[in-house]
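Numbers here are sequence positions counted from 1.
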Amino acid sequence: MISVIIPTHNSEKYIIDCLNSVFTSTYTNYEVIIVDDGSTDNTINYIKSIRNHDIKIYYCNNNGPGFARNVGIKHSKGNYIYFIDSDDTINPDTFELLLSEIKENDIVIGNYKIIYDDGTIENFITPLDSDFNSFFESVTIWNRLYLKSFIVGNNVKFDNIYQGEDRLFLAKLYLLNPRFKVISESIYNWIRHDTAVDATLTHLLTKDRFYNQVNCMKSFLKLLINEVSPEEKELLLNHLRYSCVYLMEIYKKVNDDTCNLDLLLEFADLLEFDKNKELYNEIFNKKWSDKDVWKIIIRRKNW
């Protein structure tokens with residue numbers, strides 16, 4: 001059985017579509033676990049209005065999506081775990097495709113579609129050039145089926161943070177050398193509500209959560225930097241260099257004049273941008289100088 005874990009927070013606009021995508025699955029041996037994290041809209045009323053489907057509902061109080069997913073794992077009864085964000089959907093054959101390939105694996109990873117408000121669709125294809133890139137090119141937890149015993153047996157839990165909890169969860173799993181397989185099919189629909197006024201649990205953008213995301217990536221670096229091979233170390237650093245593009249996008253969207261960029265710049269100093277000065281200049285609109293290089297050397301000694 002698959003335990004489908006869905007954290008919710010003010011998801012009344014999307015939760016019915018999300019759940020209907022599960023209910024129309026061609027594979028029917030699943031349980032649906034909703035963990036509501038302090039919704040103040042009609043999310044729970046909409047869920048309770050659904051008939052002919054057994055939905056287990058648990059509650060927490062504004063603890064973040066990581067905490068909510070931990071609650072879901074704790075109460076799950078299935079052999080496998082599958083996570084869905086409350087504003088996204090899956091395909092009818094998602095579970096069958098993933099289950100058919102898990103066999104001796106701990107995790108199966110699928111591709112997905114990115115669907116924007118204007119109807120534009122992008123296809124994300126998981127790279128196959130290295131295990132590291134296959135696992136981390138997309139630090140998303142919802143395009144994967146997990147063997148529950150691998151998660152629970154190794155006591156892997158989400159951090160109780162609001163941004164980047166999925167990244168750290170995957171890092172913890174990767175360090176356990178999981179057996180995993182990538183399939184070519186698209187199995188998830190990541191629906192981007194970039195113009196939405198109301199933020200859901202995983203899309204809230206505030207100053208504190210920007211800082212949280214930066215600190216999360218720093219923790220991600222610390223978790224892996226001394227545990228991976230030299231080849232993977234360079235992949236890790238390059239991955240995080242380009243992640244700074246994403247962090248800058250968040251920074252620009254945070255509507256708070258007191259939001260400070262220094263924390264991000266300090267993180268960037270750890271990423272050996274001396275190997276790609278042009279990228280540093282492009283991201284931060286800041287020239288890489290000899291002073292920056294000396295600053296890096298000093299900070300690395302104190303890290």
Side-chain angles (χ1 to χ4, degrees), residues 64-66 114 124 127 130 132-133 135-141 158-172 174-175 190 192 194 199 201-303:
I114 307 171
F124 178 84
S130 69
F132 185 90
N133 283 340
F135 212 79
F136 291 117
E137 181 69 16
S138 176
V139 284
T140 49
I141 60 165
F158 287 90
D159 289 61
N160 297 339
I161 55 180
Y162 283 87
Q163 294 288 326
E165 77 291 338
D166 42 3
R167 180 184 294 273
L168 297 182
F169 181 78
L170 292 178
K172 294 172 189 177
Y174 191 75
L175 290 176
W190 179 21
R192 297 288 300 269
D194 293 336
L201 189 56
T202 56
H203 293 88
L204 294 169
L205 290 177
T206 65
K207 176 179 68 174
D208 288 342
R209 292 181 185 182
F210 166 71
Y211 294 154
N212 192 303
Q213 186 71 270
V214 177
N215 283 322
C216 169
M217 289 198 184
K218 187 174 181 179
S219 297
F220 180 77
L221 177 64
K222 284 188 175 183
L223 274 172
L224 296 176
I225 192 70
N226 295 318
E227 303 297 331
V228 297
S229 68
E231 294 78 13
E232 288 187 322
K233 176 185 175 181
E234 185 54 36
L235 292 174
L236 168 64
L237 290 172
N238 203 45
H239 167 82
L240 288 173
R241 289 174 198 138
Y242 280 95
S243 293
C244 288
V245 177
Y246 164 69
L247 291 172
M248 278 298 292
E249 290 176 353
I250 296 177
Y251 172 76
K252 292 173 182 177
K253 290 179 180 178
V254 173
N255 187 23
D256 190 328
D257 293 337
T258 67
C259 187
N260 195 319
L261 191 60
D262 287 350
L263 184 65
L264 176 53
L265 292 172
E266 290 171 5
F267 168 63
D269 284 346
L270 301 172
L271 301 181
E272 300 181 15
F273 267 104
D274 49 304
K275 298 178 181 178
N276 196 335
K277 299 176 184 178
E278 293 78 12
L279 179 62
Y280 183 90
N281 296 341
E282 180 182 340
I283 294 172
F284 299 108
N285 193 28
K286 184 178 185 295
K287 186 176 180 180
W288 185 272
S289 65
D290 290 339
K291 181 180 178 180
D292 291 320
V293 175
W294 283 111
K295 184 168 58 177
I296 286 174
I297 293 172
I298 293 170
R299 283 177 176 152
R300 281 183 190 158
K301 287 182 179 178
N302 297 327
W303 187 29

Would you give the length of the straight line joining atom [atom1] of [X] to atom [atom2] of [Y], rounded to the nearest 0.5 angstrom?
X: L223; Y: R167; atom1: CG; atom2: CZ; value: 11.5 Å
X: S138; Y: N133; atom1: OG; atom2: CG; value: 12.0 Å
X: D208; Y: I161; atom1: CG; atom2: CD1; value: 13.0 Å
X: L235; Y: E137; atom1: CG; atom2: CD; value: 9.5 Å
X: L237; Y: I225; atom1: CG; atom2: CD1; value: 4.5 Å
X: L175; Y: L224; atom1: CG; atom2: CG; value: 5.0 Å

- [ ] In sequence, state the C-alpha distance, the side-chain angles, and the governing distance for L247 and I283, and then conclude on side chain to side chain contact (heavy atoms under 4.5 Å, CB included).
- [x] CA-CA 10 Å; L247 291 172; I283 294 172; over 6 Å; no
Taking the six-membered ring for Trp, are [X] and [Y] parallel (under 30°), tilted (30 to 60°) or perpendicular (over 60°)?
X: F210; Y: Y251; result: tilted
X: F136; Y: F220; result: perpendicular
X: F158; Y: F169; result: parallel
X: F135; Y: Y174; result: tilted

Mind listing the closest non-hydrogen atom pair of [X] and [Y] along with its distance?
X: K233; Y: V228; result: N-CG2, 3.6 Å
X: K207; Y: C259; result: CD-CA, 3.6 Å
X: G66; Y: N160; result: C-OD1, 4.5 Å
X: F132; Y: E232; result: CB-OE2, 3.7 Å
X: V214; Y: L264; result: CG1-CA, 4.0 Å
X: F284; Y: C244; result: CZ-CB, 3.9 Å

Open item on the list: With a 3.5 Å distance limit and no angle check, can you tell me whether Y211 reaches the backbone of N260 through a side-chain donor-acceptor pair?
Closed with: yes
Open item on the list: Tell me if a side-chain donor or acceptor on R192 pairs with a main-chain N or O of I114 at a distance below 3.5 Å.
Closed with: no
- [ ] Mind running salt bridge (charged side-chain N to carboxylate O under 4.0 Å, His left out) on D159 and K172 for me, showing each step along the way?
- [x] CA-CA 11 Å; D159 289 61; K172 294 172 189 177; 2.6 Å; yes
Report yes if some heavy atom in the side chain of [X] is under 4.5 Å from a heavy atom in the side chain of [Y]; otherwise report no.
X: F267; Y: L221; result: yes
X: R241; Y: N238; result: yes
X: I141; Y: L170; result: yes

Task: All salt bridge (Lys or Arg N to Asp or Glu O under 4.0 Å) counterparts of E227, not counting sequence neighbours - done: none
Open item on the list: Does D269 form a side chain to side chain contact (heavy atoms under 4.5 Å, CB included) with L265? I'd like the steps, not just the answer.
Closed with: CA-CA 6 Å; D269 284 346; L265 292 172; 5.7 Å; no
Open item on the list: Could you check whether atom CG of D262 has more than 12 heavy atoms from other residues, nucleotides or ligands sitting under 6.0 Å from it?
Closed with: yes
